[in-house]
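Please read the structure below before turning to the comments.
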Amino acid sequence: MFALVDGNNFFVSCERVFNPALEGRPVVVLSNNDGCVVARSAEVKALGIKMGVPFFQIRDLVKRHGIVAFSSNYALYGDMSARMMQVVGGFAPRQEIYSIDETFLDLAGMSGDYTELGQRIRRRVKQWVGIPTGVGIAPSKTLAKIANHLAKTNPAFAGVCELTALPQQEQDRLLNALPVREVWGVGRRLAPRLEKIGIVSVQHLRDAAPQRIRKLFGVTLERTVRELNGHHCLHLDELPAPRRQIVCSRSFATRLTRLEDLVPAIAHHASRAAEKLRQQGCVAGSLQVFIQTAPHSGHTLQHAPACVVPLPHPSDDTRLLIDAALRGLRQIFQPGFRYYKAGVMLLDIAPPTALTGDLFSAPSAPANSALMQVLDRANHRFGPHTLRFAASTSRTERWLMRQEHKSPAYTTCWQDIPSVA
DNA sequence: TCTGGGGTCCTAGGACCC
DNA sequence: TCTGGGGTCCTAGGACCC
């Protein structure tokens, strides 16, 4: 048996914990650069505002309904997430942290009333962390996702749905009312193709012949069908596998046309990517640099060059990665375009122990050299960017993103900790 | 004026091996 | 006229997730 615990409107709920006056008011949280709506309170959903709509398109609604908007505050959300995961993890021996606001528990070997367990989890997370949650319980992860969705959308469940404890007729009724698009693994491409052959509801997909689904849609969706029938094919992953690629990229607050404005952006992304790389104790063999013009301004000329730069030796050293990234940037940059986004992707990632030495060249510097350790420790202790590389700084900072509605880092920065009146 | 930033897995096809 | 039967590795593209 699996339980999926999921924070309701997670980013909005994080903001509300430190600003209770927002309770009952319509609230949205925006993506980086204040671009799109990525989290909505129930009041906002009720207004018909969809996930992912560009913020500027709802300016009128914002004004008319007094919607409160926040820029993304990942320092806050990441920390609140860690707290929530820790509390939930206390309820079962095995836990998978699936995303910033979702976690699976393996209930195998646990006895007792699962629905009651779900309610205990909800109460404790609400009391200890302040975040409201929903809990779905079922014999497979795919079904637990469905149960979680039902728990959150159907008030009768009071936040916890143990799907297979319901009478069969009731399960059928619920799954029949749910569009196939709600299934984990069925996205916007697959859903219309399924509908075309008469598979419209979750129930239809559950009852489809697995062999037929495999022939028409591949092995992944066949697995989904089996999961919907209660056979678990996806296991719980307790420790996340090391990343095989690491991407750092951002769009800019304004369009950039000059190489000298792109340099600090690329250096900054390379340096952040290097930090993530060292965090997982790996080295990269090559990296890709990319810059892009705005994909939305239909009439202007599109341009999205990229290039892969191999490193002389696999490395995790920020200096070498910045150097390689800037060489790549100079290769692909062309004047005359208005760039809106830039990024760095680390490739050929492996643990240093897996490396084959080069017979003919000097051994590379030891991975995670003393200098990089000092850098990481100082930034961990005194805050990000306390120590940084000159290449990632600039006089203009025109490449920084827009963040016009950001809340304080209530839990991770001394100056921002709320004081008690 | 204004449109995010990360990831994963699977498959098909080409190049190459014996 | 007739042209085998295995493999591996890599890449690009397509699908999905949050």
Side-chain angles (χ1 to χ4, degrees), chain A residues 4 6-7 9-11 28-40 49-60 62 69-74 77-78 81 96-104 141-142 145 148-149 180-194 213-224 227 233-234 237 240-255 265 268-269 272-273 276 280 285-286 288 290 292-298 300 302 306 308 338 340-349 401-405:
Chain A
L4 174 63
D6 166 307
N9 325 320
F10 185 68
F11 296 169
V28 294
V29 175
L30 306 176
S31 63
N32 280 322
N33 220 21
D34 292 347
C36 300
V37 172
V38 293
R40 306 159 294 158
I49 293 174
K50 297 272 180 269
M51 182 72 171
V53 293
F55 185 47
F56 74 88
Q57 285 177 5
I58 59 163
R59 278 279 150 79
D60 286 353
V62 170
F70 288 94
S71 302
S72 291
N73 183 348
Y74 287 104
Y77 311 149
S81 169
E96 171 183 343
I97 295 170
Y98 176 69
S99 74
I100 195 162
D101 71 330
E102 285 171 87
T103 177
F104 287 102
K141 286 163 89 175
T142 304
K145 283 281 245 185
N148 180 281
H149 177 81
V180 72
R181 175 68 178 81
E182 294 299 330
V183 174
W184 196 32
V186 176
R188 60 180 218 285
R189 303 293 174 118
L190 243 35
R193 286 174 58 201
L194 284 164
I213 295 297
R214 183 188 194 123
K215 222 171 84 186
L216 292 174
F217 300 95
V219 62
T220 315
L221 198 64
E222 182 200 7
R223 221 156 26 212
T224 299
E227 284 251 318
C233 310
L234 307 168
D237 290 318
R243 302 265 169 254
R244 293 147 59 125
Q245 60 180 47
I246 291 172
V247 183
C248 289
S249 72
R250 283 287 179 279
S251 39
F252 313 122
T254 59
R255 306 290 185 248
H268 174 78
H269 296 321
R272 278 188 52 230
K276 292 190 197 175
Q280 69 171 44
S286 63
Q288 185 183 54
F290 56 93
Q292 290 174 31
T293 56
H296 309 288
S297 49
T300 57
Q302 295 298 299
V308 173
R338 301 175 68 237
Y340 107 113
K341 178 178 183 173
V344 170
M345 188 186 305
L346 302 186
L347 305 165
D348 302 323
I349 293 175
M401 64 180 171
R402 194 175 8 237
Q403 284 190 313
E404 288 168 7
H405 314 279

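Note on naming: letters A, B, ... go to the chains in the order of the sequence lines (proteins, then strands), and numbering restarts at 1 for each one.
Counting any heavy atom pair closer than 4.0 Å across all strands shown, A:Asn33 reaches no nucleic acid atom. Note on A:Ile246: only backbone sugar-phosphate atoms sit closer than 4.0 angstrom, heavy atoms only; bases stay farther off. Residue-level contact check: A:Val183 touches the backbone only, with heavy atoms under 4.0 Å from sugar-phosphate atoms and none from bases. Residue contacts for A:Tyr98: at a heavy-atom cut-off of 4.0 Å it reaches the sugar-phosphate backbone alone, with no base atom in range. Using a 4.0 Å heavy-atom distance criterion, A:Val53 is classed as making no nucleic acid contact. Nucleic acid contact class of A:Tyr340 (heavy atoms, under 4.0 Å, all strands): sugar-phosphate only. A:Asp34 comes within contact range of no nucleotide atom at all, as no heavy-atom separation falls under 4.0 Å. No engagement by A:Ile100 is indicated, since no non-hydrogen atom pair under 4.0 Å with the nucleic acid exists.
Below 30°, between 30° and 60°, or above 60°: for A:Phe11 and A:Tyr77 the angle between ring planes is below 30°, a parallel geometry.
The minimum heavy-atom distance between A:Glu227 and A:Lys141, with the atom names listed, is OE1-N, 3.5 Å. A:Thr103 and A:Glu96 make their closest contact through OG1-O, 2.9 Å (heavy atoms, listed as atom of the first residue, atom of the second, distance).
The closest side-chain donor-acceptor pair between A:Ser31 and A:Asn33, if any, does not fall under 3.5 angstrom.
Reading DNA chain C from its 5' end, the first and the last nucleotide to sit under 4.0 Å from a heavy atom of chain A are C:dA15 to C:dC18.
Heavy-atom nearest nucleotides on DNA chain B were determined for A:Lys276 and for A:Gly218, and the one closer to the 5' end corresponds to A:Lys276. Nucleotides of DNA chain B nearest to A:Arg223 and A:Ser31 differ in position, and the one nearer the 5' end is that of A:Ser31.
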>> Checking A:Lys276 against A:Arg272 for the side-chain contact (heavy atoms from CB on, under 4.5 Å) test, could you report, in this order, the C-alpha distance in whole Å, the side-chain angles of both residues, the deciding distance, and whether it holds?
In response: CA-CA 6 Å; A:Lys276 292 190 197 175; A:Arg272 278 188 52 230; 4.0 Å; yes
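In this structure, A:Ile246 CD1 and A:Met345 CE are separated by 11.5 Å, a value rounded to the nearest 0.5 Å. Expressed to the nearest 0.5 Å, how far OG1 of A:Thr254 lies from CZ of A:Arg338 amounts to 9.0 Å. Separating the OG atom in A:Ser72 from the CG atom in A:Leu30 is a distance of 7.0 Å, to the nearest 0.5 Å. Distance check: A:Asn148 CG to A:Trp184 CH2 gives 11.0 Å after rounding to the nearest 0.5 Å.
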> So what's the dot-bracket for DNA chain B: Watson-Crick or G-U pairs under 3.5 Å, [ ] if a pair crosses, | if it pairs off-strand?
Replying inline: ....||||||||||||||
